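Inspection log for the structure reproduced underneath, given as structure tokens.
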Amino acid sequence: RSEERLRATLENTPSIAVQWFEASGRVLYWNKASEIMYGFTAAEAVGTVIGENPLMYLDRQQAEDFIGVLSEIERSGKPFGPAEFPLRKKDGSGIVVLATTFAIPGDGGSKIYVCMDVDVTERKRAEADLLDSEKKLEAIFNASPAAMSVTDVKNNFRVITVNAAWERQFQRRREDVTGLNGLEMGLWADPADRVRFPAHVLLTVS
């Protein structure tokens, strides 16, 4: 009954692909989520030695590297990961997974190596898109002819960054003013203006 419960749990886990391997890289188990994630059926995967048929690995070298991970787990007794890997589906499309691999007792004193994969492809794509967007905004910020600064309102208006036009206009370097506010860097001719300006900004954004 315990075995039935375990198998039912693994088979009905919708988003975690679970595979069991021998130390040689032969697939012992391939759950339903693995079928969905990689496109290979359990019938195609179970019994396959990944060093001969890489399945979801990009090539035989990557599969051999994974077998090396199994050997290191055997040697150290420690789990591997979580770590990100670029892999592929049966149709050839790419996928990025966050994988954790560890050993559990097998039959006759042997060990079974369990690999649990989570698809992070969309997250990585979103991160790449965000980074690209940030780079574009930074390029516009630095190329702007208008002097601009970014300050932390919640930290007494301390400077986070300034653009090149601001450096030219106020004749101060970015690295010298980062972390300072206008009063600390001596930017205000009349310190009273420094009191009135933040009050006006806070009123505007509230």
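Small disclaimer: the values here were computed from a predicted structure and weren't measured.
Contact of the Glu127 side chain with the Leu131 side chain is not registered, since no non-hydrogen atoms from C-beta on lie closer than 4.5 Å. Using a 4.5 Å cut-off on side-chain heavy atoms (C-beta onward), Thr100 and Phe80 make no contact. Using a 4.5 Å heavy-atom cutoff, the side chains of Phe170 and Met185 are not in contact. The closest side-chain heavy-atom distance from Ile73 to Thr101 is below 4.5 Å. When side chains are defined from C-beta on, Thr151 does not count as touching Ile160, because their heavy atoms never get closer than 4.5 Å. Inter-residue side-chain proximity for Asp132 and Lys136 is flagged as met; some heavy-atom pair is nearer than 4.5 Å. Residues Lys90 and Phe40 form a side-chain contact, since some pair of their non-hydrogen atoms from C-beta on lies under 4.5 Å apart. Residues Phe141 and Val150 form a side-chain contact, since some pair of their non-hydrogen atoms from C-beta on lies under 4.5 Å apart.
Using a 4.0 Å cut-off between charged nitrogen and carboxylate oxygen, Arg123 and Glu84 count as a salt-bridge pair. Ionic pairing of Arg158 and Glu184 is present here: one or more N-O contacts between side-chain nitrogen and carboxylate oxygen are shorter than 4.0 angstrom. Salt bridge annotation for Arg60-Glu64: absent, with no cationic side-chain nitrogen under 4.0 angstrom from a carboxylate oxygen. A salt bridge is absent between Glu72 and Lys78: the closest approach of a Lys/Arg side-chain nitrogen to an acidic carboxylate oxygen does not fall below 4.0 angstrom.
Taking every heavy atom of both residues into account, Ala147 and Gln169 meet most closely at CB-OE1, 3.6 Å. Taking both residues in full, the closest heavy atoms of Ala99 and Asp117 are given as CB-OD1, 3.2 Å, listed atom of the first, atom of the second, then distance. Among all heavy-atom pairs drawn from Tyr38 and Met56, the shortest one is CD2-CB, 3.4 Å. Here the closest non-hydrogen pair linking Arg88 and Leu55 is NH2-O, 2.9 Å. Nearest heavy-atom pair across Ala17 and Ser34 is CB-OG, 3.4 Å.
Among Tyr113, Phe66, Phe102, the single residue meeting the ring-ring contact (aromatic ring centres under 6.0 Å, His included) criterion with Phe21 is Phe66.
Other residues, nucleotides and ligands place more than 12 heavy atoms under 6.0 Å from the CD atom of Glu175. Residue Asp91 places its CG atom among more than 12 non-hydrogen atoms of other residues, nucleotides or ligands, all under 6.0 Å distant.
Leu58 contributes atom CG, which lies 11.0 Å from atom CD1 of Ile95 (distance to the nearest 0.5 angstrom). Taking CG from Asn181 and CG from Asn156, the interatomic distance works out to 5.0 Å, rounded to the nearest 0.5 Å.
The main-chain N or O of Ala146 is found under 3.5 Å from a side-chain atom of Ser144 such that the two form a donor-acceptor pair. Side-chain atoms of Thr178 never come within 3.5 Å of backbone atoms of Thr161 as a donor-acceptor pair (strictly under, hydrogens ignored).
Using a 30° and 60° split on the angle between ring planes, Trp20 and Tyr29 fall in the tilted class, from 30° to 60°.
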- Before giving the answer on side-chain contact (heavy atoms from CB on, under 4.5 Å), spell out for Lys111 and Ile104 the whole-Å C-alpha distance, their side-chain angles and the decisive distance to 0.1 Å. CA-CA 6 Å; Lys111 289 184 179 179; Ile104 61 174; over 6 Å; no
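Glu74 and Ser71 are not linked by any side-chain donor-acceptor pair at a separation below 3.5 angstrom, with hydrogens and angles left out of the test. Judged purely by distance below 3.5 Å, without hydrogens or angles, the side chains of Asn142 and Arg174 pair a donor atom with an acceptor atom.
Each of Val114 and Met37 belongs to its own hydrophobic cluster when Ile, Leu, Val, Met, Phe, Trp and Tyr are linked at side-chain heavy-atom distances under 4.5 angstrom.
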